[in-house]
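Remarks on the structure that follows.
Each ligand, and each atom within it, is numbered from 1 in the order the structure gives. Along the sequence shown, residues carry numbers from 1.
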Amino acid sequence: MNYYSTKNKCITATLEEGVKWGMAPDGGLYMPQRFHVLTRRELEEVRKSRSLAETGWLIAQKMFGDDLPSGVLKALVEEALNFDTPVVQVSEKIHALELFHGPTLAFKDVGARFMARLLQYYNRNNDRLVHVLVATSGDTGSAVANGFLNIPGIKVHVLYPSGQVSPLQEKQFTTLGGNITALEVDGSFDDCQALVKQAFADEALRSEMVLTSANSINLARFLPQAFYYFRGWAQLDADELVIAVPSGNFGNLTAGLVAREMGLPVQIFLAASNANDVVPAYLETGKYTPRKSVRTIANAMDVGAPSNFERVLDLFGHKHERITAHLKGYRYSDEQIREIISTVQRQTGYILDPHGATGYEASRTYLENHPGTTAMFLGTAHPAKFPEVVNELTENKLQSPEKLLNIIKGKKVSEYISSAYSDFRHYLENIS
Ligand SMILES: *Cc1c(COP(=O)(O)O)cnc(C)c1O
């Protein structure tokens with residue numbers, strides 16, 4: 001199957017090209033030309049599946065069956081999805097789909113692990129090292145670095161702003177070693193991004209080394225996220241289901257819309273935002289006005305111009321009334337997010353993270369007017385990743401999983417560079 005650019009349907013790529021290029025040459029995002037809709041019998045099979053890998057394999061055959069040999073796809077799915085995404089009941093009608101049981105305790109593990117193995121496969125006949133450059137403000141770096149850890153033929157270079165990521169986030173990509181190098185940049189996140197962009201635009205450099213990006217618009221990170229929507233539905237088996245998605249760049253939510261195109265029985269999606277509310281504002285007014293992001297305690301959702309929104313518009317033919325039929329928007333201030341975490345812990349004992357909290361509250365609000373419905377919100381990260389916010393709100397009942405404790409114990413190793421391109425280029429020349 002081919003993938004077209006959201007800017008021009010005549011511009012197409014194979015899966016391999018789409019994954020290697022990331023963005024279409026005209027600056028659009030790739031979308032599948034067709035969605036294979038699951039038959040009733042196939043949906044029944046999905047409903048009976050018992051792990052994320054099993055569900056993922058059923059959906060992956062429909063999604064990538066034309067693109068990859070079946071044995072390759074099966075092995076890839078099983079290796080990438082080696083953890084589950086359990087559904088946990090929080091209150092009578094509200095359930096959490098916990099996406100944080102992978103190595104970095106956030107949902108981005110799913111897409112990053114899938115992408116790493118797909119790139120390894122496409123690179124199998126190439127004896128040149130592939131260099132993945134990734135700029136991060138915190139969470140993306142750890143998911144990508146862990147996803148690619150120990151993948152042969154690939155080296156990852158994580159650029160992050162010195163002093164501007166949390167100590168825990170920093171540990172998640174500076175303690176890995178192996179094929180992962182952390183570059184601590186004397187500058188801001190924007191400086192890191194600018195360095196990566198300059199490297200990609202550097203023709204001379206690119207004639208010497210193979211460079212790839214692994215950002216969240218990449219097809220190989222975006223599409224596999226549809227798997228866990230089916231996995232969540234299979235565990236809940238509710239007749240009237242709504243799904244709430246804590247959103248920033250809207251890749252996660254758009255993957256839910258893809259699952260719906262493929263036949264996932266869901267009534268409506270709830271887009272939960274923090275103070276960065278361009279999408280809820282669009283849903284209310286029909287006007288889309290991207291702007292600079294503001295900082296919040298749900299910082300992985302601090303996005304002022306959500307890159308995947310173009311995919312949402314494309315899916316629904318840019319028709320506001322079609323979009324609002326499938327998507328309802330909610331927004332929460334930091335103060336409200338704190339209140340939600342504290343109230344839910346007191347009333348139910350369940351500890352939310354600042355991102356999941358927005359999804360919980362969107363579910364609760366929606367159910368007030370739709371009592372016959374069952375809600376599932378995506379728990380996008382483990383609450384122990386945000387101890388500075390969550391601890392005091394939950395009477396210090398927060399427990400860190402073993403995985404996190406091991407990361408904290410690790411020794412930080414990074415290379416310090418200035419924000420001048422010449423320094424970064426020098427570093428790259430020396431490793432190639
Ligand atoms: C990345 C992230 C989000 C936002 O996901 P998008 O796909 O960008 O909308 C939400 N919560 C957490 C914890 C994240 O890391």
Side-chain angles (χ1 to χ4, degrees), residues 29 85 96-112 114-115 134-147 165-166 168-169 172-173 189 214-229 243-259 269-280 282 290 293 296-312 327 329-332 337 341 351-362 377-387 389-390 404:
L29 306 188
T85 53
L97 173 60
E98 294 187 344
L99 302 177
F100 48 72
H101 297 283
T104 73
L105 302 115
F107 79 89
K108 291 187 178 73
D109 283 331
V110 172
F114 193 91
M115 177 174 177
V134 54
T136 185
S137 57
D139 276 351
T140 301
S142 53
V144 170
N146 276 275
V165 306
S166 81
L168 188 64
Q169 283 175 326
Q172 284 195 302
F173 48 77
F189 170 62
N215 61 23
S216 67
I217 52 131
N218 196 296
L219 277 174
R221 281 189 57 192
F222 160 58
L223 288 173
Q225 298 176 145
F227 302 162
Y228 49 67
Y229 283 87
I243 303 179
V245 187
S247 294
N249 262 322
F250 278 78
N252 206 357
L253 195 144
T254 311
L257 296 173
V258 166
F269 285 91
L270 313 179
S273 297
N274 56 25
N276 297 282
D277 64 347
V278 272
V279 173
Y282 165 81
S293 64
T296 75
I297 55 171
N299 62 3
M301 290 157 51
D302 292 350
V303 179
S307 47
N308 282 288
F309 197 61
E310 214 172 299
R311 285 186 162 127
V312 178
L327 207 57
Y330 297 83
R331 53 165 78 78
Y332 300 101
I337 291 173
I341 295 173
I351 300 185
L352 293 160
D353 91 283
H355 308 82
T358 66
Y360 171 88
E361 191 63 9
F377 68 93
L378 305 197
T380 49
H382 195 290
K385 290 187 83 172
F386 310 93
V389 178
V390 177
L404 211 53

What protein heavy atom lies closest to atom 8 (O) of ligand 1? Include the residue and the distance to one decimal.
Asn249 N, 2.8 Å
With no hydrogens and no angle check, is any side-chain donor or acceptor of Asn218 less than 3.5 Å from a backbone partner on Ala214?
no
Against heavy atoms of Gly251, which atoms of ligand 1 measure under 4.0 Å?
6 (P), 7 (O), 9 (O)
Atom indices of ligand 1 within 4.0 angstrom of Asn252 heavy atoms, with elements:
7 (O)
Please check this pair: side chain of Tyr360 against backbone of Gly379, looking for a donor-acceptor N/O pair closer than 3.5 Å.
no
Report yes or no: does a heavy atom of Asp139 sit under 4.0 Å from some atom of ligand 1?
yes
Quick check: Phe250 and ligand 1, any N/O pair under 3.5 Å apart?
yes
Of all the heavy-atom pairs spanning Thr140 and Thr136, show the shortest one and how long it is.
N-OG1, 3.6 Å
For ligand 1, which atoms have a heavy atom of Met301 less than 4.0 angstrom away?
10 (C)
List the closest protein heavy-atom neighbour of atom 15 (O) of ligand 1: residue, atom name, distance to the nearest 0.1 Å.
Lys108 NZ, 2.5 Å
Looking at Asn249 and Ser307, would you say the former's side chain and the latter's main chain have a donor-acceptor pair under 3.5 Å?
yes
Looking only at heavy atoms, the pair that brings Pro354 and Ile297 closest together is CB-O, 3.6 Å
Which residue and non-hydrogen atom of the protein lie closest to atom 12 (C) of ligand 1, and at what distance in Å?
Thr380 OG1, 3.5 Å
What protein heavy atom is closest to atom 5 (O) of ligand 1, reported as residue, atom name and distance in Å?
Phe107 CZ, 3.3 Å
What are the two closest heavy atoms between His355 and Ala298, and how far apart are they?
NE2-C, 3.3 Å
Which protein non-hydrogen atom lies closest to atom 4 (C) of ligand 1, naming both residue and atom, and how far is it?
Gly248 N, 3.6 Å
Just which atoms of ligand 1 are under 4.0 Å from any heavy atom in Ala381?
13 (C)
Would you kindly say whether Asn308 and Arg311 are connected by a side-chain donor-acceptor distance under 3.5 Å?
yes
